[in-house]
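What follows is a single structure, written as structure tokens, with notes after it.
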Amino acid sequence: MRWALLTALVVAGCASSGPASKAFDTTPEAPTPEFVVEWDAQVDQIEFFGTKPAQLAAPGHLTLSDELAVGNSHGDVFKYQAANGNELWRAKVDGAVSTKPTAGAGNLFVGTTRGEFVAFDMHSGARVWDMRLGNAVDSPATEANGRVFVVDAADTLYCVDAMTGEELWRYQAPTPEYFTVQGSPRPVVQDGEVFVGASDGVLRAFVEETGELIWSVDLRAGAQQFTDIDREVVIERDVVYAASFSGGLFAVDRMSGEILWRHAAVSVQDFAVYEGMVYATSATGRAFAVMADNGKPAWGFKFQSMVPTSLTVYGPYLIIPTDGPLYVLDRRTGFPLRKMLGMSGITADVEFGANRAYLLSDRGRVMSFKLGW
């Protein structure tokens with residue numbers, strides 16, 4: 001789902017000038033933004049005529065230290081000062097980095113396509129511990145209360161001691177006997193519970209300490225193919241928001257697992273919940289918004305020929321990478337405000353932190369930018 005084939009476009013311009021952009025002739029509520037590049041760096045050398053998406057892991061902003069961790073398809077892990085792009089250290093892993101680097105308990109956690117899951121010391125970049133999971137690791141880890149939670153490509157949820165790498169418990173979700181979409185969601189931990197979906201279309205809640213199953217709910221909506229829950233859930237006010245590739249968007253009661261509402265969207269790629277709205281993108285080439293309290297539609301936007309890969313809320317805007325340019329939409333109305341040309345396509349999610357956005361293009365270029373308005 002997230003690994004849509006992306007168009008190969010030449011990276012144009014340098015850090016001082018930034019990529020070209022085009023404004024749309026609309027009457028939106030938000031002002032037309034200016035795309036301001038603060039710094040950029042080449043972290044990978046990619047064959048220009050390659051056809052597969054090259055960069056699978058989003059940059060990870062480390063909030064407490066205002067640093068940025070980035071991993072590339074050749075197994076390199078970098079840490080930069082987020083404000084200016086100064087490189088602090090680099091390290092190496094086995095296989096392509098396939099997860100956004102995440103931090104916790106003084107460590108930085110990274111997973112690879114070869115199933116290696118590694119903890120690096122946050123400050124020095126030294127390897128603290130590593131373990132081999134049963135399959136590729138394609139979702140970021142979550143650290144909470146000295147434990148790390150991570151899912152592999154076979155829908156195995158692992159709970160690991162964050163300091164030592166000792167496995168504490170695991171849960172293996174049933175493997176569907178039908179077609180599924182490549183990818184798995186990041187576990188979400190809140191108030192002693194872990195929430196995670198799987199390719200069988202079931203959302204589950206576990207006791208954080210023991211792995212005991214609290215409840216499970218089927219979000220397939222009757223589908224028999226591509227039932228995956230590939231995006232992490234969002235929890236707000238005891239409501240768990242989730243997306244199933246076949247079933248659409250759901251709001252689920254956090255305590256009971258009861259479905260509160262469903263919005264029957266087709267092939268949801270990504271979603272975000274913000275200020276009473278749920279924003280989403282679809283593999284059918286759509287971006288749309290629904291009301292968070294009842295799932296009723298608010299607006300929709302259809303890309304002419306591009307396929308959106310993810311979605312990030314940035315002030316009054318939605319930042320939407322596609323298999324071509326990067327688009328900026330008015331969050332309240334769905335009006336397209338600007339598209340950023342000269343991009344090389346973005347498979348990895350756009351990251352946000354410290355009033356900046358960060359992206360890693362398929363051609364191995366990491367960029368820090370702001371939207372001025």
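The chain is numbered in sequence order, starting from 1.
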For [X], check side-chain hydrogen bond (donor to acceptor under 3.5 Å, both in side chains) against everything at least two apart and list the hits.
| X | answer |
| --- | --- |
| Tyr317 | none |
| Glu212 | none |
| Asp94 | Arg114, Arg132 |
| Asn294 | none |

Residues two or more places apart in sequence or in another chain: which of them pass side chain to side chain contact (heavy atoms under 4.5 Å, CB included) with [X]?
| X | answer |
| --- | --- |
| Ala357 | Tyr314, Ile319, Val350, Phe369 |
| Ala173 | Asp155, Tyr171, Ala198, Arg204 |
| Met255 | Asp253 |
| Thr284 | Val266, Ser267, Ser282, Arg286 |

Hydrophobic clusters here meaning ILVMFWY residues chained together by side-chain heavy-atom distances under 4.5 Å, can you tell me if [X] and [Y] are in one?
| X | Y | value |
| --- | --- | --- |
| Met340 | Val36 | no |
| Ile235 | Ile214 | yes |
| Val202 | Val233 | no |
| Phe195 | Leu213 | no |

- Message: Regarding Ser73 and Asp44, do their side chains bring together a donor and an acceptor under 3.5 Å, going by distance alone?
- Response: yes
- Message: Between Asp138 and Ser184, is there a side-chain donor-acceptor contact under 3.5 Å, judged purely by atom types and distance?
- Response: yes
- Task: Using atom types as modelled and distance alone, determine if a side-chain donor or acceptor of His263 lies under 3.5 Å from a backbone N or O of Gly295.
- Result: yes
First locate atom [atom1] of [X], then atom [atom2] of [Y], and finally report the distance between them rounded to the nearest 0.5 Å.
| X | Y | atom1 | atom2 | value |
| --- | --- | --- | --- | --- |
| Phe288 | Tyr279 | CZ | OH | 12.5 Å |
| Leu360 | Phe78 | CG | CZ | 10.0 Å |
| Arg220 | Ser244 | CZ | OG | 9.5 Å |
| Leu56 | Asp362 | CG | CG | 8.5 Å |

- Message: Testing Thr309, Asp230, Thr281 one by one against Asp270 for a side-chain contact (heavy atoms from CB on, under 4.5 Å), which residue passes?
- Response: Thr281
- Message: Could you check whether Arg170 pairs with Asp152 (Lys NZ or Arg NE/NH1/NH2 to Asp/Glu carboxylate O, under 4.0 Å)?
- Response: no
- Message: Using a strict threshold of under 4.0 Å (side-chain N to carboxylate O), is an ion pair present between Asp161 and Arg147?
- Response: no
- Task: For salt bridge (Lys or Arg N to Asp or Glu O under 4.0 Å), just list the numbers for Arg127 and Glu116, CA-CA rounded to whole Å, side-chain angles, deciding distance to a tenth of an Å, and then say yes or no.
- Result: CA-CA 12 Å; Arg127 184 176 291 228; Glu116 186 179 38; 2.7 Å; yes
- Task: Would you mind listing every salt bridge (Lys or Arg N to Asp or Glu O under 4.0 Å) that reaches into residues 236-248, with sequence neighbours excluded?
- Result: Asp238-Arg254
- Query: Got a sec, which pairs hit salt bridge (Lys or Arg N to Asp or Glu O under 4.0 Å) with one end in residues 309-318, sequence neighbours left out?
  - Reply: none
- Counting only heavy atoms not in Glu209, do more than 12 fall under 6.0 Å of its CD? no
- Task: Indicate the ring-plane relationship of Phe303 and Phe301, choosing parallel, tilted or perpendicular according to the 30° and 60° boundaries.
- Result: perpendicular
- Give the intermediate values and the outcome of side chain to side chain donor-acceptor pair (under 3.5 Å) for residues Arg356 and Ser368. CA-CA 7 Å; Arg356 308 179 202 97; Ser368 168; 4.6 Å; no
- Message: Connecting only ILVMFWY residues whose side-chain heavy atoms lie within less than 4.5 Å of each other, what is the rest of Trp89's hydrophobic cluster?
- Response: Leu62, Val77, Leu88, Val93, Val97, Leu108, Val110, Val118, Phe120, Met122
- Query: Apart from Phe109 itself, what residues make up its hydrophobic cluster when side-chain heavy atoms of I, L, V, M, F, W and Y under 4.5 Å apart count as a link, directly or indirectly?
  - Reply: Phe117, Val128, Trp129, Met131, Leu133, Val137, Val148, Val150, Tyr158, Val160
- Task: Would you sort out whether Arg365 and Gln42 count as a side-chain contact (heavy atoms from CB on, under 4.5 Å), showing the intermediate values?
- Result: CA-CA 4 Å; Arg365 196 164 194 84; Gln42 191 72 38; 2.8 Å; yes
